[in-house]
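Here is how names work: the chains are called A, B, and so on, in the same order as the sequence lines, proteins then strands, and each is numbered from 1.
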There are 2 protein chains.
Amino acid sequence: MARVRISDVATAAGVSTATVSLVLNDRTARISDATRDRVRQAAAEVGYTPNSVARGLRTQRSHTIGLISDRIATTPFAGRMLAGAQDVAREHGYLVFLVDTDADETVEREAIRALADQQVDAMIYACMWHRVVDVPASLPRGTVFLDCRPAGGGFPAVVPDDRAGGVSAVRALVAAGHRRIAYLDVDEPHPPVASDLRHQGYLQVLAEAGIEPDPALHVRGDTSSAGGRQATDRLLDLPDDRRPTALFCFNDRMAAGAYVAAHRRGLAIPQDLSIVGYDDQQLVAAELDPPLTTVALPHYEMGRWAMEVALGIRTPDDLGAPHLMPCPIVDRDSVGPPPATAASDSRRRT
Amino acid sequence: MARVRISDVATAAGVSTATVSLVLNDRTARISDATRDRVRQAAAEVGYTPNSVARGLRTQRSHTIGLISDRIATTPFAGRMLAGAQDVAREHGYLVFLVDTDADETVEREAIRALADQQVDAMIYACMWHRVVDVPASLPRGTVFLDCRPAGGGFPAVVPDDRAGGVSAVRALVAAGHRRIAYLDVDEPHPPVASDLRHQGYLQVLAEAGIEPDPALHVRGDTSSAGGRQATDRLLDLPDDRRPTALFCFNDRMAAGAYVAAHRRGLAIPQDLSIVGYDDQQLVAAELDPPLTTVALPHYEMGRWAMEVALGIRTPDDLGAPHLMPCPIVDRDSVGPPPATAASDSRRRT
DNA sequence: GTGAGTTGCTAAATCGATTAACCGCCTGTG
DNA sequence: CACAGGCGGTTAATCGATTTAGCAACTCAC
């Protein structure tokens with residue numbers, strides 16, 4: 001029941017282990033075709049597959065990647081990042097060690113050491129939300145940052161293009177005819193990067209469309225359904241001429257709360273209120289009634305990108321700034337033209 | 001920048017590498033205390049940590065576990081299984097290789113081989129739903145099955161105790177005074193194990209309470225919000241004396257659909273209709289209004305159990321049958337006494 | 001004083017691969 | 001015939017640890 005070793009193949013084929021290794025690794029060495037065939041056949045017959053540990057020790061390449069994350073495995077949608085990284089690894093014959101640190105620094109330090117001891121060929125440092133992170137001192141250079149920006153730069157990194165995502169979302173609303181568009185932002189404790197960028201995108205589109213931003217339309221709430229509902233209530237309490245006809249929400253859960261607030265007032269979506277979310281969280285966005293138009297976070301693609309850089313298949317264009325991955329808009333049914341009554345007012349240009 | 005090796009420590013301490021190894025591994029060998037201290041100090045000073053690959057080659061134990069799953073990483077709640085397995089592994093100094101096969105048999109076979117080549121000390125085979133799986137031929141004996149039952153048995157396995165979960169759910173409804181309780185089941189294509197077991201639990205409690213099961217109260221629907229809504233509509237269309245006062249739903253998403261159906265008829269939860277879900281899917285159960293009473297799937301605990309068995313810390317009591325992990329009921333606000341009008345009728349005992 | 005036993009440590013084999021260096025043998029050439 | 005060079009392999013070192021067997025020195029008993 002013991003594993004078959006290269007020496008077993010050598011014996012079976014009547015050659016030395018060196019020859020077996022040369023043949024099986026397709027080394028351009030002087031080995032006759034007859035011997036090649038004999039070795040290959042012998043290897044197949046005895047069912048030989050090389051011991052990766054022994055090979056790793058000798059070649060100093062383990063064909064192994066370490067993926068450290070703060071909590072990726074337990075957050076619903078972020079698993080797509082893992083899938084992307086995983087797929088690339090598999091396509092190239094790599095295996096990935098996954099370590100979830102639960103954002104504990106001691107665990108993180110231990111994990112980095114353990115992965116280094118296992119001689120991983122590269123590491124990926126992943127977060128579940130787009131934010132800025134301090135770079136752990138022991139992290140080897142070349143480590144790829146996934147869905148986060150290393151403070152100080154100097155490492156390859158990939159993050160969603162949240163600004164462009166904000167632009168897409170708000171452009172869709174402007175294109176539908178809306179001019180009073182609220183941004184339903186997340187409140188403080190949350191990492192500010194994503195929300196700031198989306199807000200910038202929001203402001204950019206307003207500027208392009210010649211719409212004066214109204215501070216009253218930038219509200220904040222808890223990143224939950226309840227938070228979204230409360231923030232929406234505040235918007236809908238505004239006097240008629242200042243009330244928004246469309247909402248751009250920081251995420252889909254808050255958008256779900258906006259649905260609740262609207263329905264409780266008897267407002268129909270999208271007839272009375274248009275809503276765009278963010279994240280494209282399947283369980284939320286697709287199951288709302290009507291299904292939510294939202295901006296998708298390119299988790300899978302970011303995961304692929306990070307692994308491709310880790311494996312050296314792809315070289316980041318610029319170490320100074322993270323690679324921005326586009327966030328495609330997912331058109332569903334929560335955006336329509338503004339209600340007729342609101343369509344004509346509040347057209348004050350700057 | 002090269003890694004420091006054991007020989008560097010040996011040189012620094014003025015001893016042989018054998019001594020260093022003996023000291024650092026706390027081998028009960030005759031080494032003087034003075035030498036011990038000198039070695040430890042030297043190791044600390046040069047920052048030595050053993051190369052796990054070299055050690056693995058020599059000791060034939062890689063301190064590494066392979067976790068194969070069909071799609072665990074990308075499904076929302078199942079990541080808790082990973083977290084449980086991960087935590088146990090970390091606590092014991094193990095690292096885990098994660099491979100998501102996406103239920104592709106070729107990928108699966110390749111993954112098993114790659115993991116075996118990496119000399120993993122054990123494997124865990126995980127599913128995202130409780131079901132019966134065919135055992136891949138190349139899976140090493142001793143592989144632990146997580147959230148699935150190996151066809152034919154012979155392997156350690158852990159699954160949720162869905163029968164007992166069904167019992168808890170329906171007992172909660174009976175205790176609240178309900179006697180007309182529907183089971184909102186999932187329809188065919190789904191793996192039948194979980195739904196059958198929950199149904200058995202349902203029938204058991206009815207029998208205990210002396211309630212004759214009514215076939216009209218066992219309805220099926222798609223495992224989605226829409227499916228739950230449609231199935232609930234069928235139940236609420238029943239004549240008054242046969243209409244259920246409480247619903248036990250196969251999962252939380254279907255329960256969410258039941259909420260929609262109830263609300264559309266102006267029925268309040270739990271005043272007019274009590275509902276119990278299954279899964280305790282955070283994004284759904286906790287965010288419904290009112291929050292959903294449901295039965296939690298013990299993913300984290302199952303993950304821990306599987307890893308403990310894989311590491312040999314725990315020995316399964318019986319290889320014939322899978323270990324059943326209790327599913328605790330999570331009391332929220334969707335269960336109350338039946339409406340007064342319904343409380344008195346339909347008390348026909350068998 | 002000699003042999004046995006203990007103490008403290010080291011030499012060398014080993015795990016299973018890869019790979020640089022080299023060794024016969026054959027052929028062709030000057 | 002001597003020698004260079006190509007061909008088809010093999011020998012042996014190596015990766016970085018662990019571990020067995022054994023060596024040298026010292027103690028102690030008789």
>> Considering every strand and a 4.0 Å limit on heavy-atom distances, what is the contact class for S21(B): base, sugar-phosphate, or nothing?
In response: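 Here S21(B) touches the bases of the nucleic acid.
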Answer yes when [X] and [Y] have at least one side-chain N-carboxylate O distance shorter than 4.0 Å, and no when they do not.
{"X": "R304(A)", "Y": "E91(A)", "value": "yes"}
{"X": "R113(A)", "Y": "E108(A)", "value": "no"}
{"X": "D70(B)", "Y": "R131(B)", "value": "yes"}
{"X": "R90(A)", "Y": "D102(B)", "value": "no"}

>> Y94(A) vs L311(A), test: side-chain contact (heavy atoms from CB on, under 4.5 Å). Steps then yes/no.
In response: CA-CA 9 Å; Y94(A) 280 72; L311(A) 298 187; 3.6 Å; yes
Among [options], the one nearest [X] by side-chain distance:
{"X": "I6(A)", "options": "dT10(C), dT18(C), dC9(C)", "result": "dT18(C)"}
{"X": "L57(B)", "options": "dG16(D), dT11(D), dG22(D)", "result": "dG16(D)"}
{"X": "A18(A)", "options": "dG16(C), dT10(D), dC9(C)", "result": "dT10(D)"}

Reckon [X] has a side-chain N or O less than 4.0 Å from the OP1 or OP2 of [N]?
{"X": "T19(A)", "N": "dG8(D)", "value": "no"}
{"X": "Q60(A)", "N": "dG16(D)", "value": "yes"}
{"X": "T17(A)", "N": "dG16(C)", "value": "no"}
{"X": "T59(B)", "N": "dT19(D)", "value": "no"}
{"X": "R27(B)", "N": "dT19(D)", "value": "yes"}
{"X": "R58(B)", "N": "dT19(D)", "value": "no"}

> Do the side chain of T11(A) and the main chain of S7(A) share a donor and acceptor less than 3.5 angstrom apart?
Replying inline: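 Between the backbone of S7(A) and the side chain of T11(A) there is a qualifying donor-acceptor contact (under 3.5 Å).
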Figure out the [atom1]/[atom2] separation between [X] and [N], and round it to whole Å.
{"X": "D8(B)", "N": "dG16(D)", "atom1": "CG", "atom2": "C1'", "value": "11 Å"}
{"X": "I31(A)", "N": "dG6(D)", "atom1": "CD1", "atom2": "C1'", "value": "14 Å"}
{"X": "D117(A)", "N": "dC15(D)", "atom1": "CG", "atom2": "P", "value": "19 Å"}
{"X": "R3(A)", "N": "dG16(C)", "atom1": "CZ", "atom2": "P", "value": "9 Å"}
{"X": "Q119(B)", "N": "dG16(D)", "atom1": "CD", "atom2": "C1'", "value": "16 Å"}
{"X": "R61(B)", "N": "dG16(C)", "atom1": "CZ", "atom2": "C1'", "value": "18 Å"}
{"X": "L24(A)", "N": "dG16(C)", "atom1": "CG", "atom2": "P", "value": "17 Å"}
{"X": "L22(B)", "N": "dG16(D)", "atom1": "CG", "atom2": "P", "value": "20 Å"}

>> Under the side chain to side chain donor-acceptor pair (under 3.5 Å) definition, can you give me all pairs with a residue in residues 139-159 of chain A, not counting sequence neighbours?
In response: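 Side chain to side chain donor-acceptor pair (under 3.5 Å) check on residues 139-159 of chain A returns H130(A)-R149(A).
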> Using a heavy-atom distance cut-off of less than 4.0 Å, which residues of residues 43-55 of chain A contact DNA chain C?
Replying inline: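 Those residues whose heavy atoms fall under 4.0 Å from DNA chain C, taken from residues 43-55 of chain A in numerical order, are Y48(A), P50(A), N51(A), A54(A), R55(A).
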> Got a donor-acceptor pair under 3.5 Å from the side chain of R30(A) to the base of dG9(D)?
Replying inline: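 Yes.
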> Relative to the ring of F155(B), is the ring of F145(B) parallel (under 30°), tilted (30 to 60°) or perpendicular (over 60°)?
Replying inline: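 F145(B) and F155(B): perpendicular rings.
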